[in-house]
Amino acid sequence: MKEKSGKRIKYIVVTGGVMSGLGKGITAASIGRILKDKGYEVVPIKIDPYINIDAGTMNPFQHGEVFVLKDGTEVDLDLGHYERFVDVELSREHNITTGVVYLSVIEKERRGEYLGQTVQIIPHVTDEIKRRIRSVAERSGADICIVEIGGTVGDIESMPFLEAVRQMKGEEHPDDFLLVHVTLVPTTLSGEQKTKPTQHSVKELRELGLQPDIIVCRCKERLREETKAKIAMFCNVEKEAVISAPDTDDIYKVPLLLDEEGISAYIMLRLRLLPRKHDDSWRVMVERAERATKKVRIAIVGKYTKLEDSYISIKEALKHAAMALDCKVEPIWVEAEDLEPMSDEDVSNFFEKAKVQGILVPGGFGVRGAEGKIKAMKYARERKVPFLGLCFGFQLAVVEFARNVLGLKDANSSELNPETPHPVVTLLPEQRNVKNLGGTMRLGDYKVTIKENTLAEKVYGKKEIYERHRHRYEVNPEYVEALEQAGLVFSGTCDGRMEILELPQDQDEGGEKEWHPFFFATQFHPEFKSRPGRPSPPFKAFLEAALSQAAGDDASPEG
Ligand code: GLN
């Protein structure tokens, strides 16, 4: 019953059962959105029961994209959902992993803080978990703290967290604590909704001393009344507390679907809260996006295209931009490696046949697929197809320009060829020889200064911006002058580092210099700060250019 800073914080803990991948993160983030629209400040905490300190060293094939917070913490993509749904900026403390908890317990033990006691999971680890949750919640000044426990109930890894939550439930005021359990209700071929997996999963929770207050059921279609009644009876919750979360084509509809099911009314009743306002802007935004009929075809030339989760923030940023422009993006996922054996002509034919209106090259690491990305960029530059390059996509655009415009045929990034005679992208001296994998990247928010009278200035409408970074390599300062003389414009910089590149949009009088309707790339990752209702400026400008391409405005092929 903590009452620091004058107000009692309410906790909503979200667990998951039956299996992973049910969209527990989206459910938790949606609950956050709904409560925010009722006028309450919400702070999310994501618990990841793995031993990694953060997600920085994790393979995107296994976990989907690594999301980067403003303070540079590398986290699970669920934190991205929280930032986008609740429209907050989070930091390291909002992601608690087993590694973080154990590290601090072990450090305390070494400092002698446990005064000779045997250090154990209960109470020492569980106390550390509770302390962290409460301290983040209290310092945030929020009204409601949503704690999502990653993994599935029954996993060995999540036991200490569930135990900590069980203790918290007893310690907080009964009006201040709710447990939401997300499960699956499969439908048989004959159309029957099966409740057994949910029953089993709730039984497992109960064995750990936890009784859910609300059960959110992922299902194909809304639960029938009798299904709800059955779950309520067997799982010991009220029927109003059994909420359908039917499949949907758009994750931004989830808050609306849950709200229609009465989840907010039930949460507010149980937490004894009254709505402070009824903000309808989310619904208006989703409905407007639904009505859009214009389409824009964007090729995303990447490396993990078989697992779209590894580009989730880019996908979402494209969606946000599309919502603002009343269109829908048709993404075309191109595996960069597939372009490598193709001739320039084959590459052109490929993109033309696919009728792409814009090409996006996202971030990435390593040699595989890099030459394919460079081919896609050459096509985009020469054929004047709108292009957006992000991070690795920015660096490779420099390589492509150096090779094909500046004429340095064997220019490269030293990440791809350490022996290249023209390392136009390279490690700066302070980045060489760093061994700790967790510590070598330039991460998080940096201030970027934008040059006057550039496309970048038009795109952002500002002279200074803050965007998130995640990279090791940089444009080599020794080549900047030559690249600029050949027509490339570095329109954004940070402490002498190149941050934005572009080609001029206007043809020069002699017609000699490179120009392009929209050729724009950033060393940073603008996708991480994009929000529904507040799209990232480069994404919006890119889609605008792609849309006008369709109208035939700038589609004069050359070369
Ligand atoms: N591999 C590049 C670097 O480390 C780009 C990283 C990225 O795209 N996130 O600098």
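For ligands, and for the atoms within them, numbers begin at 1 and follow the listed sequence.
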**Asked** Are any of the side-chain heavy atoms of R497 and V475 separated by less than 4.5 Å?
**Response** no

**Asked** What about F520 and F542, are their ring centers closer than 6.0 Å?
**Response** no

**Request:** For atom 1 (N) of ligand 1, grab the closest protein heavy atom and report residue, atom and distance to one decimal in Å.
**Result:** E415 OE1, 2.7 Å

**Prompt:** So, are R368 and E335 salt-bridged, with charged N and O less than 4.0 Å apart?
**Reply:** yes

**Prompt:** Which ligand 1 atoms are under 4.0 Å away from a heavy-atom of R470?
**Reply:** 6 (C), 7 (C), 9 (N)

**Asked** Which residue and non-hydrogen atom of the protein lie closest to atom 7 (C) of ligand 1, and at what distance in Å?
**Response** C391 SG, 3.0 Å

**Prompt:** When you look for heavy atoms under 4.0 Å from ligand 1, do you find them on the side chain of Q395, its backbone, both, or neither?
**Reply:** side chain

**Asked** Does K253 make a cation-pi contact with W282, if we ask for NZ or CZ under 6.0 Å from the ring centre and within 45° of the axis?
**Response** no

**Request:** Validate the cation-pi geometry between R442 and Y446: distance from NZ or CZ to the six-membered ring centre under 6.0 Å, angle to the ring axis within 45°.
**Result:** yes

**Item:** Closest candidate by heavy atom, reference atom 3 (C) of ligand 1, pool R442, H525, R472
**Value:** R472

**Message:** Check this for me, if you would: do E499 and R468 make a salt bridge, where the nitrogen-to-carboxylate-oxygen distance has to be below 4.0 angstrom?
**Reply:** no

**Message:** Below the 3.5 angstrom mark, is there an N/O of G364, backbone or side chain, next to an N/O of ligand 1?
**Reply:** yes

**Asked** Atoms of ligand 1 less than 4.0 Å from G363 heavy atoms?
**Response** 8 (O)

